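Working notes, structure below.
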Amino acid sequence: MIVFGRLPDRASSMKERVFSGIQPTGEMHIGNYFGAVVNYVRLQEQHDCIYSIVDYHAITVEHDPKFLPAKVLSMAADLLACGIDPKRAILFVQSHVPEHTELAWIFNCLTSFGDLGRMTQFKDKSEQQEFVSAGLFDYPVLQAADILLYRASKVPVGEDQLQHLELARRIARRFNGRFGEFFPEVEPILSEAPRLMSPADPGQKMSKSLGDKHYIGVMEPEASIREKIKTAVTDVGPRGEQMSPGVANLFLILKLSADSKLYAELEQAYQAGTLRYVRLKEAVAESLLGMLRPLQARRRELEKDLGSVRLVLEDGASRAREIAQQNMKEIRRLMGVGPESLKA
RNA sequence: AGGCCCGUAGCUCAACUGGAAGAGCACCGGACUCCAAAUCCGGGGGUUGGGGGUUCAAAUCCUCCCGGGCCUGCCA
């Protein structure tokens, strides 16, 4: 197979389009960062990326309107601080482009009730909620609309999202078959996405919802990050053959944030049985903080100038809207709805 | 539209016929530990969903409101 170099000219039109949605959780943790955000940043190089802060997804479970806007803005600032470049990628807020929900409705009518009921994430999440909204049930359909509204063909996802992506493909296929070829085949970009575990309970995935001790925020103050690493669980019983989950988790953070020499050195010490965990923890804290400091500095700058973040989102929304409106026009035509369809 | 049940600490729940609101887990501090975990010692935490009423006394009884779950019916 012949591999061509990058085509300089028509590169932008040749680039594959990537879409990804990020929930405005309020505080990005290093699990989100290493698991997803670094990929977003990397993908900007070679792809036409559209990143959306998905507030319509956030309201599928109980939320407080008083805090949502601040969470959205904060997530935007975090993403920019982490290296999302608004000159190369589109960053916008989902609800600022109403076509998302319009397309979701159309897709609702192409989605089987049974399929949605089989979504494992719905089953998990609905058990945790006392009030299960129809929106929570419908979540994957909105997600399909998010992606396909821009006719994106690549979606960076974790394994837990594959089922939803498969549904998006089914929906697209059904639409294409019934109303005309319009949507591309969506492919996952499965990265080697490291799964960071909770420092306080390494048996569980790092997550905000488990509590304060169970995640390390990307923008968290140094003292607090140090404390969480220092008190991280290591060996729960006598040291066995295999590295315990807690220690493995610390090594994983080290691997992701430190230079390989230090990692190799400590790994060797571990194998030799001479590694003191205090030393490991200090190294992890130092290298993680070393990596986070520039991001935190940029984040502080943005905090002083949230107006510029708002501008980025405005510009992003208008660029996204342009694509969305154009595609939606065609989708309506194919479906036989909208004012255009009545014109002779 | 009608009927039944529920709401107590962050979570799961307890509190007899009305009689001083409690436990487990979680959280915080200390001991122990290379650090943690486990264990031990100590600690904080509640307008009992909200308003009104009955009573010497209400988580408990009455009433209205809010929120949630379930059943039946009606309509598009």
Side-chain angles (χ1 to χ4, degrees), chain A residues 23 25-27 29-31 58-68 71 105-106 108-109 111 113 116-117 122-139 194-217 220-258 262-292 337:
Chain A
Q23 283 233 27
T25 51
E27 204 180 344
H29 59 67
I30 61 172
I59 62 171
T60 56
V61 293
E62 214 181 296
H63 84 291
D64 191 339
K66 220 164 49 194
F67 301 121
L68 187 56
K71 286 179 167 184
W105 179 259
I106 289 172
N108 271 332
C109 302
T111 305
F113 185 84
L116 286 180
F122 170 74
K123 290 194 265 187
D124 290 347
K125 276 193 161 180
S126 57
E127 273 171 28
Q128 295 161 20
Q129 300 293 126
E130 64 171 6
F131 177 78
V132 178
S133 74
L136 186 65
F137 185 65
D138 202 40
Y139 191 113
R195 270 171 74 89
L196 292 203
M197 308 309 275
S198 154
D201 183 2
Q204 303 197 70
K205 202 172 85 173
M206 181 176 290
S207 155
K208 258 195 95 177
S209 56
L210 290 174
D212 188 59
K213 300 198 316 179
H214 297 272
Y215 71 95
I216 294 169
E220 205 172 310
E222 289 207 16
S224 165
I225 291 179
R226 281 213 162 79
E227 179 68 13
K228 284 181 185 178
I229 291 171
K230 185 176 164 262
T231 59
V233 172
T234 56
D235 295 331
V236 286
R239 202 181 132 170
E241 302 259 310
Q242 270 207 321
M243 197 183 272
S244 64
V247 176
N249 196 39
L250 288 168
F251 267 107
L252 180 56
I253 297 172
L254 190 68
K255 187 177 194 171
L256 292 166
S257 61
L262 178 61
Y263 176 81
E265 184 196 325
L266 292 176
E267 233 253 305
Q268 211 171 5
Y270 175 84
Q271 296 301 345
T274 58
L275 180 65
R276 294 182 154 234
Y277 290 143
V278 200
R279 173 145 179 258
L280 173 63
K281 287 179 172 181
E282 272 162 14
V284 169
E286 278 319 310
S287 55
L288 180 63
L289 284 169
M291 205 214 73
L292 293 181
V337 298

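This is a predicted model, so every value here is computed, not measured. Chain letters run A, B, ... following the sequence lines, proteins first, then strands; residues in each count from 1.
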Within the sub-3.5 Å range, which N or O atoms of nucleotides 25-31 of chain B have a protein N or O partner, and how far apart are they?
from   : atom 1 : to     : atom 2 : distance (Å)
B/rC27 : OP1    : A/K213 : NZ     : 2.9

Item to check | Sugar-phosphate only, base, or nothing, as touched by A/K230 at under 4.0 Å among non-hydrogen atoms | outcome: sugar-phosphate

Checklist entry - In terms of side-chain geometry, is the basic nitrogen of A/K228 or A/D212 positioned less than 4.0 Å from the acidic oxygen of its partner? => result yes

Checklist entry - Parallel under 30°, tilted from 30 to 60°, perpendicular over 60°: which one fits the rings of A/F122 and A/F137? => result perpendicular

Checklist entry - A/Y270 vs A/F251 aromatic rings, parallel, tilted or perpendicular, using cut-offs 30° and 60°? => result perpendicular

Checklist outcome for this item: The nucleotide from B/rA37, B/rC34, B/rG69 with an atom nearest the side chain of A/V233 is B/rA37

Next on the checklist: Distance check, P atoms only: B/rU47 and B/rU39, in whole angstrom units.
Outcome noted: 30 Å

Checklist entry - When the nearest nucleotide of RNA chain B is assigned to A/V132 and to A/V278 on a heavy-atom basis, which residue is associated with the more 5' position? => result A/V278

Next on the checklist: Counting only heavy atoms not in A/K208 (residues, nucleotides, ligands), do more than 12 fall under 6.0 Å from its NZ?
Outcome noted: yes

Checklist entry - Given the rule in the side-chain contact (heavy atoms from CB on, under 4.5 Å) test, do A/V247 and A/L275 qualify, once you have shown the distances and angles that lead to the verdict? => result CA-CA 11 Å; A/V247 176; A/L275 180 65; 5.8 Å; no

Item to check | B/rA26 to B/rA38 separation - P atoms, rounded to the nearest Å | outcome: 7 Å

Item to check | Rounded distance (Å) that lies between atom P of B/rC5 and atom CD of A/E130 | outcome: 19 Å

Checklist entry - In whole angstrom, what separates A/L280's CG from B/rU33's P? => result 21 Å

Item to check | Distance in angstrom units between A/Q204 CD and B/rC11 C1', rounded | outcome: 14 Å

Checklist outcome for this item: Winner on side-chain proximity to A/T234, out of B/rA36, B/rC34, B/rG68, is B/rA36

Next on the checklist: Between B/rA57 and B/rG19, how far apart are the two C1' atoms, rounded to whole Å?
Outcome noted: 7 Å

Item to check | Atom-to-atom span, CG of A/D212 to P of B/rC11 - whole angstrom | outcome: 17 Å

Item to check | Distance (rounded to the nearest 0.5 Å) between A/M197 CE and A/Q204 CD | outcome: 8.0 Å

Checklist entry - Which value, in whole Å, describes the distance between the C1' atoms of nucleotides B/rC32 and B/rG68? => result 46 Å

Item to check | Sequence-aligned protein contact record of nucleotides 44-49 of chain B, with B where the base is within under 4.0 Å of a protein heavy atom and S where only the sugar-phosphate is | outcome: ------

Checklist entry - Could you give the CD-to-P distance, from A/E127 to B/rC11, as a whole number of Å? => result 18 Å

Let me check something: any side-chain donor-acceptor pairs from residues 278-287 of chain A under 3.5 Å, sequence neighbours excluded? List them with distances.
from   : atom 1 : to     : atom 2 : distance (Å)
A/R279 : NH2    : A/E265 : OE2    : 2.6
A/K281 : NZ     : A/K230 : O      : 2.9
A/K281 : NZ     : A/A232 : O      : 2.7
A/E286 : OE2    : A/R226 : NH2    : 2.4
A/S287 : OG     : A/S257 : OG     : 3.4
A/S287 : OG     : A/A283 : O      : 2.9
A/S287 : OG     : A/V284 : O      : 3.3

Checklist outcome for this item: Sequence neighbours excluded, the answer for side-chain contact (heavy atoms from CB on, under 4.5 Å) partners of A/T231 is A/E227

Item to check | Whole-Å C1' distance, B/rG45 and B/rC11 | outcome: 14 Å

Item to check | Pairwise C1' distance, B/rA58 and B/rA76 [rounded to whole Å] | outcome: 47 Å

Item to check | P-based separation of B/rA9 from B/rC5 [nearest Å] | outcome: 23 Å

Next on the checklist: Does the structure show a Watson-Crick or G-U wobble partner for B/rC27, both distances under 3.5 Å? Name it, or say none.
Outcome noted: B/rG43

Checklist entry - Across all strands, who's sitting opposite B/rC56 as a Watson-Crick or G-U wobble pair, both distances under 3.5 Å? => result B/rG19

Next on the checklist: I need the full list of salt bridge (Lys or Arg N to Asp or Glu O under 4.0 Å) pairs touching residues 124-133 of chain A, with sequence neighbours left out, sorted by first then second residue.
Outcome noted: none

Checklist entry - If pairing requires Watson-Crick or G-U wobble contacts with both distances under 3.5 Å, which nucleotide is the partner of B/rG7? => result B/rC66

Item to check | Complementary nucleotide of B/rC74, counting Watson-Crick and G-U pairs under 3.5 Å | outcome: none

Checklist entry - Using atom P of each nucleotide, how far apart are B/rC61 and B/rC6 to the nearest Å? => result 9 Å

Item to check | Those residues that, when tested against A/E267, pass salt bridge (Lys or Arg N to Asp or Glu O under 4.0 Å) (two or more places apart) | outcome: none

Item to check | Whole-Å gap separating P (B/rG68) and CZ (A/F131) | outcome: 6 Å

Checklist entry - Whole Å only: how far is the CZ atom of A/R276 from the P atom of B/rC34? => result 7 Å

Next on the checklist: In whole Å, I'd like the distance from the CD atom of A/E282 to the P atom of B/rA36.
Outcome noted: 12 Å

Checklist outcome for this item: dist A/I225:CD1 -> A/E220:CD (nearest 0.5 Å) comes out at 5.0 Å

